[in-house]
Amino acid sequence: MASSSTSSSSASGATERRGIPGAQFVEDVQTYLTQLGLDVNSALAFLQERLQQYKLVEMKLLAQQRDLQAKIPDIEKCLEVVATLQAKKGTGEALIADFEVSEGIYSRASIEDAESVCLWLGANVMLEYSCEEATGLLQKNLDNAKASLEVLIADLQFLRDQVTITQVTIARVYNWDVHQRRIRQAAGATATD
């Protein structure tokens, strides 16, 4: 009676999100081991390996999250600079800016009526854009970075849930094995008495 209800709940628990396999919650360890055709040690080794895979993926996702969280303020700062240049354009007032030439070395510049800006695209590539084009490109990049961060946070939450489920399953399989050993020992002790 218990095994029929547990097999349906176990099968429905395993899903996948963006290549991250879902963990299967195990209510009935005996049924789980029978379905997989594994002994306790093999099942524990499989679950430990899966847990390590989850931890590796989590480290990669956290690194991506840190990169995006650093990138978003940079893009916002660039948008502010372009907006400031556009606001100063046509007023006849010069914008005084300090910029870093190299580490610890700064220079001062006077910018009057900037028609275009140069954006560093990475990989040693810098392109000149009109202020309007730069604003559009930076806004699109900001929107994409924020959307990517939201997806990444959801992936991390899914992954943390899978880690928790796997850890609980490892504990359940181990405890079930200990319980079975005690039953065998008790049966062996009563048989010798």
Side-chain angles (χ1 to χ4, degrees), residues 1-79 103 120-123 138-193:
M1 168 171 111
S3 65
S4 65
S5 67
T6 57
S7 63
S8 65
S9 67
S10 296
S12 66
T15 58
E16 185 175 311
R17 179 180 170 91
R18 292 181 11 114
I20 304 169
Q24 182 180 6
F25 179 76
V26 176
E27 288 187 37
D28 183 10
V29 176
Q30 179 67 45
T31 304
Y32 173 73
L33 294 175
T34 305
Q35 285 175 346
L36 291 179
L38 297 174
D39 65 341
V40 172
N41 291 332
S42 299
L44 286 173
F46 168 75
L47 290 168
Q48 288 289 351
E49 181 180 334
R50 178 62 59 95
L51 187 60
Q52 291 305 315
Q53 291 170 349
Y54 285 146
K55 294 290 187 178
L56 181 64
V57 171
E58 183 180 29
M59 286 185 348
K60 290 179 181 177
L61 290 178
L62 286 171
Q64 290 176 4
Q65 182 183 26
R66 278 191 307 272
D67 291 345
L68 279 174
Q69 286 174 332
K71 186 181 197 179
I72 289 173
D74 287 344
I75 295 172
E76 289 172 339
K77 188 175 175 184
C78 289
L79 270 169
E103 191 172 329
W120 185 261
L121 301 179
L138 289 169
Q139 190 61 51
K140 185 181 100 181
N141 288 351
L142 181 62
D143 294 342
N144 289 343
K146 285 182 177 179
S148 295
L149 185 61
E150 287 178 19
V151 169
L152 201 58
I153 289 171
D155 288 349
L156 278 167
Q157 184 58 47
F158 176 79
L159 188 63
R160 288 183 181 123
D161 290 345
Q162 304 320 299
V163 166
T164 302
I165 291 169
T166 303
Q167 289 171 334
V168 168
T169 301
I170 289 171
R172 290 178 65 87
V173 170
Y174 180 80
N175 290 340
W176 178 84
D177 184 43
V178 169
H179 181 69
Q180 293 301 313
R181 287 181 191 182
R182 287 183 182 160
I183 290 173
R184 283 194 298 271
Q185 284 177 347
T190 54
T192 57
D193 288 341

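Remember, predicted model here, so these are calculated numbers, not experimental data.
Smallest separation of non-hydrogen atoms from Arg17 and Ala154: NH2-CB, 3.0 Å.
Every pair tested for salt bridge (Lys or Arg N to Asp or Glu O under 4.0 Å) that includes a residue from residues 167-176 fails, sequence neighbours excluded, so the list is empty. Each salt bridge (Lys or Arg N to Asp or Glu O under 4.0 Å) pair with one or both residues in residues 143-152, not counting sequence neighbours, appears once here: Glu76-Lys146.
With values rounded to the nearest 0.5 angstrom, Gln139 atom CD is found 10.0 Å from Asn144 atom CG. Expressed to the nearest 0.5 Å, how far CD of Gln24 lies from OH of Tyr32 amounts to 6.0 Å. Distance CG/Asp74 to CD/Gln69: 12.5 Å, rounded to 0.5 Å.
Legend: residues meeting side-chain hydrogen bond (donor to acceptor under 3.5 Å, both in side chains) with Asp161, ordered by chain and number and at least two apart, are Gln157. Judged as a side-chain contact (heavy atoms from CB on, under 4.5 Å), and not counting sequence neighbours, the contacts of Lys71 are Leu68, Ile75.
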All N/O donor-acceptor pairs, side-chain side in residues 173-183, below 3.5 Å, sequence neighbours left out:
{"unit_1": "Asn175", "atom_1": "ND2", "unit_2": "Ala171", "atom_2": "O", "d": "3.2"}
{"unit_1": "Asp177", "atom_1": "OD2", "unit_2": "Arg181", "atom_2": "NE", "d": "3.2"}
{"unit_1": "Asp177", "atom_1": "OD2", "unit_2": "Arg181", "atom_2": "NH2", "d": "2.9"}

Side-chain donor/acceptor pairs under 3.5 Å, residues 39-64, sequence neighbours excluded:
{"unit_1": "Asp39", "atom_1": "OD1", "unit_2": "Ser42", "atom_2": "N", "d": "3.0"}
{"unit_1": "Asp39", "atom_1": "OD1", "unit_2": "Ser42", "atom_2": "OG", "d": "2.5"}
{"unit_1": "Tyr54", "atom_1": "OH", "unit_2": "Pro21", "atom_2": "O", "d": "2.6"}
{"unit_1": "Tyr54", "atom_1": "OH", "unit_2": "Ala23", "atom_2": "N", "d": "3.4"}

